[in-house]
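So you know, we letter chains A, B, ... as the sequences are listed, proteins then strands, and number each from 1.
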There are 2 protein chains.
Amino acid sequence: MATSRQAVDKRRVILDAAVRVFARQGFHTCRVSDIADEAGVAYGLVYHYFQSKDQVLDTLFLERWDVLLDAIRETDSLDLPATEKLAAIAGFIIESYRHDPDLMKVIIIEVTRAANSFGGAHIGKISEAYELIAGVVRKAQATGEFRTEIPAEFAVMAFYGALEQVLTGWIFGLLDQGDEAYEGAKAHVVETICRGLAA
Amino acid sequence: MATSRQAVDKRRVILDAAVRVFARQGFHTCRVSDIADEAGVAYGLVYHYFQSKDQVLDTLFLERWDVLLDAIRETDSLDLPATEKLAAIAGFIIESYRHDPDLMKVIIIEVTRAANSFGGAHIGKISEAYELIAGVVRKAQATGEFRTEIPAEFAVMAFYGALEQVLTGWIFGLLDQGDEAYEGAKAHVVETICRGLAA
DNA sequence: GCTGCGATTGACTGACGAGTCAATCCGGGT
DNA sequence: ACCCGGATTGACTCGTCAGTCAATCGCAGC
């Protein structure tokens with residue numbers, strides 16, 4: 001990993017460059033040399049820090065997904081109505097997009113939705129998020145806040161699916177963006193799903 | 001297209017073989033020779049009927065998506081409450097999966113969710129479906145069946161996103177399958193979303 | 001000033017697989 | 001019997017990269 005006292009962490013530089021390149025050209029379409037160029041670094045250095053092109057994307061995804069997982073766990077541990085927990089989770093994801101659209105674009109397009117390539121490889125990690133959210137729903141069903149007719153697994157799919165679809169809409173320019181749009185989306189998604197789940 | 005009086009339509013044979021191969025190995029991972037082998041046909045024949053490997057997938061997708069689009073238009077033209085229209089649409093999609101899981105798997109995994117490759121190319125076609133469903137929602141908002149607080153565009157994303165996520169869950173074995181599961185899913189998705197949208 | 005070692009470089013290799021193409025086959029028309 | 005054109009074959013070409021590697025750099029410690 002990070003070894004000595006260098007002015008800049010080239011590993012990080014490469015990772016950040018990769019985000020831009022992946023967001024712009026897509027993972028499959030770009031060449032490793034594109035990443036190196038964008039980072040202002042020699043081709044071989046990418047392989048000094050990473051074992052493969054794939055590993056660059058894996059690193060990007062795992063870094064960020066673990067943050068998300070922590071955020072969900074944190075939220076879940078709070079003593080709040082499920083509706084507010086889900087609002088917090090949706091809020092976190094949407095804020096992530098607002099804060100770094102390129103990174104979220106890469107994670108969604110190249111991993112989360114890319115069931116044919118990296119999505120399959122990271123199914124386990126992705127499912128962890130589903131499972132955590134399902135836990136929120138189950139607890140709410142136990143307390144009577146949510147009705148029990150809808151299995152928690154479906155509730156999660158509806159919630160996460162709706163959210164991801166909205167993000168995808170932004171990424172593709174199918175949906176308006178901007179601060180009000182983000183706030184609106186946050187409210188609408190949570191409202192729609194929670195009304196659907198509420199007892 | 002189909003020219004003379006041959007016993008079997010090789011073009012169709014190739015297409016059907018491609019569905020199996022794509023479903024099993026994935027579009028990017030499989031070779032054109034895999035398709036030819038699966039179809040029991042020489043390599044070059046694939047290029048006699050199709051201009052490229054991509055065009056094989058394009059054909060599969062467009063063939064089926066147009067059927068879906070027609071089904072939605074048909075449903076929309078009926079005089080039914082929006083809730084029932086959405087139920088019919090969800091039903092059609094789920095039945096498509098039940099009837100030919102391989103084909104739906106390919107369409108969802110390799111096109112619809114594959115924003116990085118074919119999804120981008122077919123955004124237009126895919127959006128047509130969103131737009132049609134948005135029409136259903138808007139009409140329901142006009143009659144007061146659905147409330148107007150949620151923009152129709154979001155409603156569509158929630159509806160379609162939830163549905164696609166459930167299908168994806170089946171494809172990855174994350175969700176139970178079987179006849180009762182399909183019926184349940186149909187009801188749950190529609191119920192959840194429509195309660196969320198209802199006035 | 002020298003040595004050691006990780007950081008950095010970039011030319012080169014090797015595999016892989018899409019697409020080409022010239023040859024062959026085959027059935028129907030004359 | 002012969003010809004024509006579409007169907008069918010499969011060996012071969014050709015470009016593209018991912019990944020390798022031997023060489024060089026530059027700083028830290030002595």
Quickly work out the [X] [atom1] to [N] [atom2] distance and round it to whole Å.
X: A/Phe50; N: D/dT20; atom1: CZ; atom2: C1'; result: 18 Å
X: B/Leu45; N: D/dA11; atom1: CG; atom2: P; result: 16 Å
X: A/Gln55; N: D/dA18; atom1: CD; atom2: C1'; result: 14 Å
X: A/Gln25; N: D/dC17; atom1: CD; atom2: P; result: 11 Å
X: A/Asp37; N: C/dT9; atom1: CG; atom2: C1'; result: 13 Å
X: B/Arg12; N: D/dA7; atom1: CZ; atom2: P; result: 17 Å

Do side-chain atoms of [X] reach the backbone of [Y] as a donor and acceptor pair under 3.5 angstrom?
X: A/Ser52; Y: A/Gln55; result: yes
X: B/Lys139; Y: B/Ala82; result: no
X: B/Lys85; Y: B/Thr75; result: no

*Check whether any side-chain nitrogen or oxygen of B/His48 sits under 4.0 Å from OP1 or OP2 of D/dA7, and answer yes or no.*
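For D/dA7, OP1/OP2 do have a side-chain N/O of B/His48 under 4.0 Å.
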_A/Lys10 vs C/dT8: side-chain N/O to OP1/OP2 distance below 4.0 Å_ =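 Answer yes for this pair, as a side-chain N or O of A/Lys10 is under 4.0 Å from OP1 or OP2.
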*May I have all residue pairs that pass ring-ring contact (aromatic ring centres under 6.0 Å, His included) and include part of residues 55-80 of chain A, sequence neighbours excluded?*
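Passing the test, one end in residues 55-80 of chain A: A/Phe61-A/Trp65, A/Phe61-A/His122.
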*A/Tyr97 vs A/Trp170 aromatic rings, parallel, tilted or perpendicular, using cut-offs 30° and 60°?*
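Geometry flag for A/Trp170 against A/Tyr97: parallel rings.
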*If the sugar-phosphate is the primed atoms plus P, OP1 and OP2 and the base is the rest, what is the B/S/- string for nucleotides 12-25 of chain C, using protein heavy atoms under 4.0 Å?*
-----SBBB-----
*Which pairs count as salt bridge (charged side-chain N to carboxylate O under 4.0 Å, His left out) when at least one residue sits in residues 36-52 of chain B, sequence neighbours excluded?*
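Applying salt bridge (charged side-chain N to carboxylate O under 4.0 Å, His left out) to every pair that reaches into residues 36-52 of chain B, excluding sequence neighbours, yields B/Arg20-B/Glu38, B/Arg24-B/Glu38.
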